[in-house]
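Data first, discussion second: the structure below is written as structure tokens.
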Amino acid sequence: MRPPRHWLLKSEPEAFSFEDLWRAAKRTTSWGGVRNYQARNLLRDELARGDLVLFHHSSTEPIGVAGVARVVRAGYPDPTQFDARDAAHDPDSPHAAPRWFAVDVQALGRLPRFVPLAELRQEPRLGRMVLLRRGARLSVQPVTPSEWRIVLSMGGWRGRLPGS
DNA sequence: GCCAACGTTGGC
DNA sequence: GCCAACGTTGGC
């Protein structure tokens, strides 16, 4: 088994917040509805069970990293693509070769200190973080081990850092 | 296969 | 609410 990798997942908290995940059954949800091919490729091919996730709130106030989660099920066909009532329904996706994928994520814990985007921008060691690059709209992003440690530290995560 | 038009994302 | 950046669509 390879060591866990690190990712950042964006969510608009008005639609689904870290608190929503924390309150969900088994603190787990299906992370689907992603309709971008680059993000799809990551969900399908790269995210593995045991990988660690920064849960990021976007298009809201405040913007920033709210909590930590873990991938508990690797990529599988996203059921919402076949659901005509779902906003992310894709009538053109063939059942035999589904176009879109989801993973399951489980909340590990809220960061003791919410880490605002503006604070991330002020940290020089995070200068290359995908989230902070111009026009980085990808909703599933890779995070390096050192970025992971820095963000958790900024979030006041106590004790042993997951993934370090 | 090019690329203009269009739609969406998402920070500010 | 604005608008830059980006992805997708569709005419040719």
Side-chain angles (χ1 to χ4, degrees), chain A residues 5-24 29-47 51-69 71 74-105 107-108 110-144 146-157:
Chain A
R5 290 194 191 134
H6 308 87
W7 308 95
L8 179 143
L9 297 181
K10 288 185 191 173
S11 186
E12 301 192 8
E14 283 71 24
F16 191 80
S17 69
F18 184 78
E19 292 305 314
D20 293 330
L21 179 59
W22 189 253
R23 285 193 291 265
T29 193
S30 172
W31 199 273
V34 175
R35 299 294 180 264
N36 169 282
Y37 285 103
Q38 201 179 342
R40 185 282 306 271
N41 293 344
L42 294 174
L43 291 171
R44 185 189 60 192
D45 304 331
E46 302 296 336
L47 275 72
D51 282 358
L52 295 158
V53 169
L54 297 174
F55 194 113
H56 181 260
H57 285 172
S58 66
S59 295
T60 187
E61 179 56 43
I63 297 163
V65 180
V68 174
V71 177
Y76 59 92
D78 178 1
T80 67
Q81 69 196 304
F82 302 123
D83 180 354
R85 288 155 306 184
D86 196 284
H89 177 230
D90 182 356
D92 297 328
S93 178
H95 277 71
R99 186 175 289 173
W100 306 112
F101 283 72
V103 299
D104 286 355
V105 296
L108 290 178
R110 162 204 268 273
L111 287 180
R113 284 189 62 257
F114 179 88
V115 185
L117 180 64
E119 209 167 297
L120 295 174
R121 289 197 188 285
Q122 286 165 12
E123 171 50 68
R125 293 173 297 164
L126 297 178
R128 306 191 63 167
M129 197 171 178
V130 175
L131 181 71
L132 307 181
R133 292 184 195 159
R134 268 166 68 80
R137 307 191 313 187
L138 201 59
S139 62
V140 179
Q141 304 180 353
V143 170
T144 69
S146 76
E147 290 164 353
W148 173 265
R149 284 192 298 272
I150 292 163
V151 174
L152 260 63
S153 164
M154 292 171 78
W157 189 274

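In what follows, every heavy atom counts, from backbone to side chain, and hydrogens, waters and symmetry copies are set aside. In this text the structure is predicted, and so the values were computed from the model without any measurement. Order of the sequence lines sets the chain letters (A, B, ...), proteins ahead of strands, with each chain counted from 1.
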Rounded to the nearest angstrom, tell me the gap between atom CZ in R35(A) and atom P in dT9(C). 13 Å

Residue pairs meeting side-chain hydrogen bond (donor to acceptor under 3.5 Å, both in side chains), one or both in residues 53-65 of chain A, sequence neighbours left out, come to E14(A)-T60(A)

Which whole-number value in Å describes the distance from H56(A) NE2 to dT9(B) P? 16 Å

Could you pull out all residues at least two apart from D45(A) that satisfy side-chain contact (heavy atoms from CB on, under 4.5 Å)? N41(A)

Starting at CZ of R121(A) and ending at C1' of dG11(B), how long is that distance when rounded to a whole Å? 7 Å

Hey, does the side chain of K10(A) come within less than 4.0 Å of dG10(B)'s phosphate (OP1/OP2), counting only N and O? yes

Quick one: side-chain contact (heavy atoms from CB on, under 4.5 Å) partners of R128(A), sequence neighbours excluded? R133(A)

From C-beta outward on E12(A), which listed nucleotide comes closest to its side chain: dT8(C), dG10(B), dC12(B)? dG10(B)

At a cut-off of 3.5 Å, list every protein nitrogen or oxygen paired with a nitrogen or oxygen from nucleotides 4-7 of chain B, distance to 0.1 Å.
none

Do any pairs count as a side-chain hydrogen bond (donor to acceptor under 3.5 Å, both in side chains) and have a residue in residues 112-123 of chain A, sequence neighbours left out, and if so which ones? R113(A)-E119(A), E123(A)-R125(A)

Euclidean distance, atom CD of residue E61(A) to atom P of dC12(B) [Å, nearest integer]: 10 Å

Please give, in whole Å, the distance from dT8(C) P to Q38(A) CD? 9 Å

Here the distance between atom P of dT8(C) and atom CG of D90(A), to the nearest Å, is 12 Å

Select one nucleotide: of dT8(C), dC12(B), dG10(B), the one nearest the side-chain heavy atoms of L117(A). dC12(B)

Between R99(A) and D90(A), is there a salt bridge with N-O shorter than 4.0 Å? yes

Which residues pass the salt bridge (charged side-chain N to carboxylate O under 4.0 Å, His left out) test with R110(A), sequence neighbours left out? E19(A)

Rounded distance (Å) that lies between atom P of dG11(B) and atom CD of E14(A): 12 Å

Round to a whole Å and report the spacing from NE2 of H57(A) to P of dT9(B). 17 Å

